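Working notes, beginning with the structure itself.
Every value quoted in this text rests on a predicted model; they were computed, and no experiment measured them. So you know, we letter chains A, B, ... as the sequences are listed, proteins then strands, and number each from 1.
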Number of protein chains: 2
Amino acid sequence: MVEYQSPHLDAVFHALSDPTRRAMLHRLSAGKHSVSQLAEPFDMSLAGASKHVKVLEAAGLVSRHVEGRTHYCRLEAARLAEAQAWFRYYERFWSDRLDALQNILEAEDRQKPPAEKG
Amino acid sequence: MVEYQSPHLDAVFHALSDPTRRAMLHRLSAGKHSVSQLAEPFDMSLAGASKHVKVLEAAGLVSRHVEGRTHYCRLEAARLAEAQAWFRYYERFWSDRLDALQNILEAEDRQKPPAEKG
DNA sequence: TGATATCTAAACCATATGGTTGAATATCAG
DNA sequence: CTGATATTCAACCATATGGTTTAGATATCA
């Protein structure tokens, strides 16, 4: 109906709206971590932290693989990229280095076959 | 405590997590609109839409100026830029055109005085 | 003045969210 | 088997969210 209605974006932006979850993602950017490891910096029950991990997982921002009793989490950058792509449309409304980038990309696009969408 | 704790990011990402609000932003990218104009595409009471506008406003994504009885809203791109900047750190985890951009920016940074933060 | 238009405020509702605790499920180590 | 470790599940709670409706508050028009 409305357009700009990626089912993913709802979940991804919601997941990113919590500082605990953003911190977890940041931690995961250094490599895979167990749920307890992710929970450790926070003054919060493990069950609470586990719920945050689930939100990240549901948003597709994190994947999990179980090794024995330990659940390892990994950053899933694709969904982050998807979310960042949402901003691309708005980049023309501010004017810092991104402007230059935008121009470069657009010039690039003019020389390559179209990717998937604008 | 946790770091990556921009008070703005919470509100901005939360605001972006709703498709109605994203659509409103998109509409505003074409120029200023009144609250009713923003509300019109949605099957929702005006009061409901007005609440969405308030969320966008509270997040700093939209500003309002009253003209007579009409409240006009304008896109505030700065906060969007701020949110997009959050992604910059993660760009190295995916490899599409952004990679190239990243490299270009970094090369640029090496030649200019430092901006504000990485 | 009075009617209409634009918008917010307030009260309400159902459901989601972020947290807790306590119990259940697996796994690993003796 | 026993016990400790790693994690989830389930129930619960307070508060937030997204919506409604009804009732103002202003502003414009006639």
Side-chain angles (χ1 to χ4, degrees), chain A residues 1-2 4-25 27-28 31-74, chain B residues 1-2 4-25 27-28 31-74:
Chain A
M1 192 168 290
V2 183
Y4 275 70
Q5 192 121 274
S6 160
H8 291 345
L9 285 180
D10 290 21
V12 169
F13 283 135
H14 168 250
L16 295 182
S17 74
D18 185 284
T20 300
R21 290 192 289 260
R22 286 198 304 275
M24 284 178 166
L25 284 181
R27 196 95 181 280
L28 287 174
K32 74 178 186 181
H33 285 69
S34 72
V35 171
S36 326
Q37 286 173 330
L38 287 175
E40 169 258 333
F42 305 103
D43 185 21
M44 182 189 299
S45 68
L46 180 63
S50 167
K51 278 191 181 185
H52 280 297
V53 173
K54 287 239 290 194
V55 171
L56 290 167
E57 212 184 351
L61 290 168
V62 155
S63 65
R64 175 194 310 243
H65 84 278
V66 182
E67 234 169 82
R69 57 189 165 183
T70 305
H71 295 211
Y72 285 105
C73 297
R74 190 162 63 92
Chain B
M1 186 169 292
V2 184
Y4 274 69
Q5 191 121 276
S6 160
H8 290 347
L9 285 180
D10 290 21
V12 170
F13 283 135
H14 167 249
L16 295 182
S17 73
D18 185 284
T20 299
R21 291 192 289 261
R22 287 198 305 277
M24 284 177 166
L25 285 181
R27 197 94 181 280
L28 287 173
K32 76 178 185 182
H33 285 70
S34 72
V35 172
S36 327
Q37 287 174 328
L38 287 176
E40 168 259 331
F42 305 104
D43 185 20
M44 183 188 301
S45 68
L46 179 62
S50 167
K51 278 191 178 183
H52 280 296
V53 173
K54 286 241 289 195
V55 171
L56 290 168
E57 211 183 352
L61 291 169
V62 155
S63 65
R64 174 194 311 244
H65 85 278
V66 181
E67 233 170 82
R69 57 189 166 182
T70 305
H71 295 212
Y72 284 104
C73 298
R74 188 162 64 91

Check whether any side-chain N or O of Thr70(A) sits under 4.0 Å from OP1 or OP2 of dA6(D), and answer yes or no. no
For the side chain of Arg69(B) and the base of dT26(D), is some donor closer than 3.5 Å to an acceptor across the two? no
Specify the separation, in whole Å, of atom CG of Asp18(B) and atom P of dT15(C). 18 Å
Which whole-number value in Å describes the distance from Glu67(B) CD to dT6(C) C1'? 13 Å
Is a side-chain donor or acceptor of Arg22(A) paired with a backbone partner of Leu16(A) at a separation under 3.5 angstrom? yes
Within this structure, what is the NZ-to-P distance between Lys51(A) and dA6(D), rounded to whole angstrom? 22 Å
Does a nitrogen or oxygen in the side chain of Ser45(B) sit under 4.0 Å from OP1 or OP2 of dT20(D)? yes
What is the distance, rounded to the nearest whole Å, between atom CZ of Phe42(A) and atom P of dG18(C)? 13 Å
Kindly say whether His65(B) contributes a backbone atom to a donor-acceptor pair with the side chain of Arg74(B) at under 3.5 angstrom? no
Roughly how many Å is it from NE2 in His14(A) to P in dG18(D), rounded to a whole number? 9 Å
Starting at CG of Leu46(A) and ending at C1' of dT20(C), how long is that distance when rounded to a whole Å? 13 Å
Judged by each residue's nearest nucleotide on DNA chain C, which is more toward the 5′ side, Gly48(A) or Tyr72(B)? Tyr72(B)
Round to a whole Å and report the spacing from CG of Asp10(B) to P of dT17(D). 11 Å
Stepwise, does the side chain to side chain contact (heavy atoms under 4.5 Å, CB included) test hold for His14(A) with Arg21(A)? CA-CA 10 Å; His14(A) 168 250; Arg21(A) 290 192 289 260; 3.8 Å; yes
To the nearest angstrom, the NZ-P distance between Lys54(B) and dA16(D) comes to 15 Å
From Leu61(A) atom CG to Cys73(A) atom SG, the distance as rounded to the nearest 0.5 Å: 12.0 Å
